[in-house]
Amino acid sequence: MTATIMNTKSERTIAMGKLYYGSAGEPIQVSDRLLAHLKFVATTKLRRQESFALNILHPTSEDAGRTTLWIQPAIPLRFVFSSAEPETLDRELIKQLAEDANTTGGMTLDARETARPLNAVPAAA
């Protein structure tokens, strides 16, 4: 699924991915950009058998509020990206998310965040 935002110069399409956690049937929609950063931090922590809290601010299309998930290695986690092209990862954002994940409050993702346009060129993986 894609969301569209308007820009004074042109119309931009935002790639929206899905996060599935545990047995919940409904995914959480997050931009591919944020999902790629979450995947990087989460897989690193889970590979080390480290659990963490993940707070997600609901997108404007849903009820206002937030959801908190306890992410731990025994619960299935699946990342579904709408674009086949990999996202460019921002080292500073990864660092901030990793630091936040190490706190008792956990990491927070704003699902209302708009991602870069699909036509931006990603870095080589």
Side-chain angles (χ1 to χ4, degrees):
M1 179 177 175
T2 59
T4 301
I5 60 171
M6 296 302 288
N7 170 317
T8 55
K9 294 182 181 178
S10 64
E11 189 176 287
R12 306 279 180 141
T13 302
I14 308 305
M16 295 299 290
K18 296 176 184 173
L19 172 67
Y20 292 87
Y21 187 63
S23 61
E26 287 295 312
I28 298 169
Q29 287 197 335
V30 180
S31 71
D32 274 6
R33 178 183 177 274
L34 277 179
L35 196 59
H37 288 81
L38 170 61
K39 178 185 170 195
F40 185 93
V41 174
T43 55
T44 299
K45 291 190 71 59
L46 294 174
R47 189 173 50 247
R48 297 176 187 156
Q49 299 298 308
E50 297 173 2
S51 301
F52 63 98
L54 172 62
N55 306 293
I56 302 173
L57 303 177
H58 296 171
T60 53
S61 62
E62 296 179 14
D63 295 333
R66 69 183 186 283
T67 296
T68 300
L69 301 171
W70 182 246
I71 307 295
Q72 58 114 349
I75 299 176
L77 182 61
R78 183 166 52 118
F79 304 90
V80 178
F81 296 90
S82 62
S83 174
E85 296 300 317
E87 291 290 323
T88 301
L89 296 179
D90 177 334
R91 289 179 193 260
E92 288 302 313
L93 180 54
I94 288 172
K95 181 180 175 187
Q96 185 62 55
L97 291 173
E99 288 173 1
D100 291 350
N102 288 328
T103 67
T104 55
M107 127 179 19
T108 299
L109 296 182
D110 188 347
R112 303 168 299 182
E113 186 247 29
T114 57
R116 67 170 173 74
L118 283 175
N119 60 357
V121 178

Next item on the list: Please round to the nearest 0.5 Å and tell me the distance separating atom CH2 of Trp70 and atom CZ of Phe52.
Entry: 9.0 Å
Checklist line | Asn55 side chain vs Thr68 backbone, donor-acceptor pair below 3.5 Å | finding: no
Notebook entry, point to check: Is a side-chain N or O of Thr67 found less than 3.5 angstrom from the main chain of Ile56, in a donor-acceptor match?
Noted result: no
Next item on the list: Supply the atom-to-atom distance Leu35 CG to Ser82 OG, rounded to the nearest 0.5 angstrom.
Entry: 9.0 Å
Notebook entry, point to check: Taking all non-hydrogen atoms of both residues, which atom of Leu69 and which atom of Ile28 are closest, and how far apart?
Noted result: CD1-CD1, 3.8 Å
Margin query: If I take atom CG from residue Asp100 and atom NZ from residue Lys95, how far apart are they, to the nearest 0.5 angstrom?
Written below: 12.0 Å
Next item on the list: Quick one: pull up CD in Gln29 and CG in Leu34 and give me the separation to the nearest 0.5 Å.
Entry: 13.0 Å
Next item on the list: For residues Val41 and Ala101, report the shortest heavy-atom separation together with the two atoms involved.
Entry: CG1-CB, 4.5 Å
Check: How far apart are the closest heavy atoms of Ala36 and Glu87, and which atoms are they?
Finding: CB-CB, 3.7 Å
Check: Can you name the one residue among Asp90, Thr88, Leu89 that meets side chain to side chain contact (heavy atoms under 4.5 Å, CB included) with Arg33?
Finding: Asp90
Note to self: Do Leu19 and Phe79 have side chains that approach each other closer than 4.5 Å (heavy atoms only, starting at C-beta)?
What the structure shows: yes
Margin query: Under 4.5 Å between side-chain heavy atoms, counting indirect links through other Ile/Leu/Val/Met/Phe/Trp/Tyr residues: same cluster for Tyr20 and Leu38 or not?
Written below: no
Check: Quick one: CG on Leu97 to NE2 on His37, what's the gap to the nearest 0.5 Å?
Finding: 7.5 Å
Item checked: Within one Ile-Leu-Val-Met-Phe-Trp-Tyr cluster: Met107 and Ile75, side-chain cutoff 4.5 Å -> yes
Note to self: Using the rule given for side-chain contact (heavy atoms from CB on, under 4.5 Å), can you reason through Asn102 versus Lys45, listing the C-alpha separation, both sets of side-chain angles and the distance that settles it, and then say yes or no?
What the structure shows: CA-CA 9 Å; Asn102 288 328; Lys45 291 190 71 59; 2.7 Å; yes
Next item on the list: Mind checking the CD1-CD spacing from Ile71 to Glu50? Nearest 0.5 Å is all I need.
Entry: 13.5 Å
Next item on the list: Mind listing the closest non-hydrogen atom pair of Pro73 and Ser51 along with its distance?
Entry: CD-OG, 3.7 Å
Checklist line | Within 6.0 angstrom of Tyr21 OH, more than 12 heavy atoms from elsewhere | finding: yes
Next item on the list: Answer with yes or no whether the hydrophobic clustering places Phe81 together with Leu93; edges join I, L, V, M, F, W, Y residues whose side-chain heavy atoms lie under 4.5 Å apart.
Entry: yes
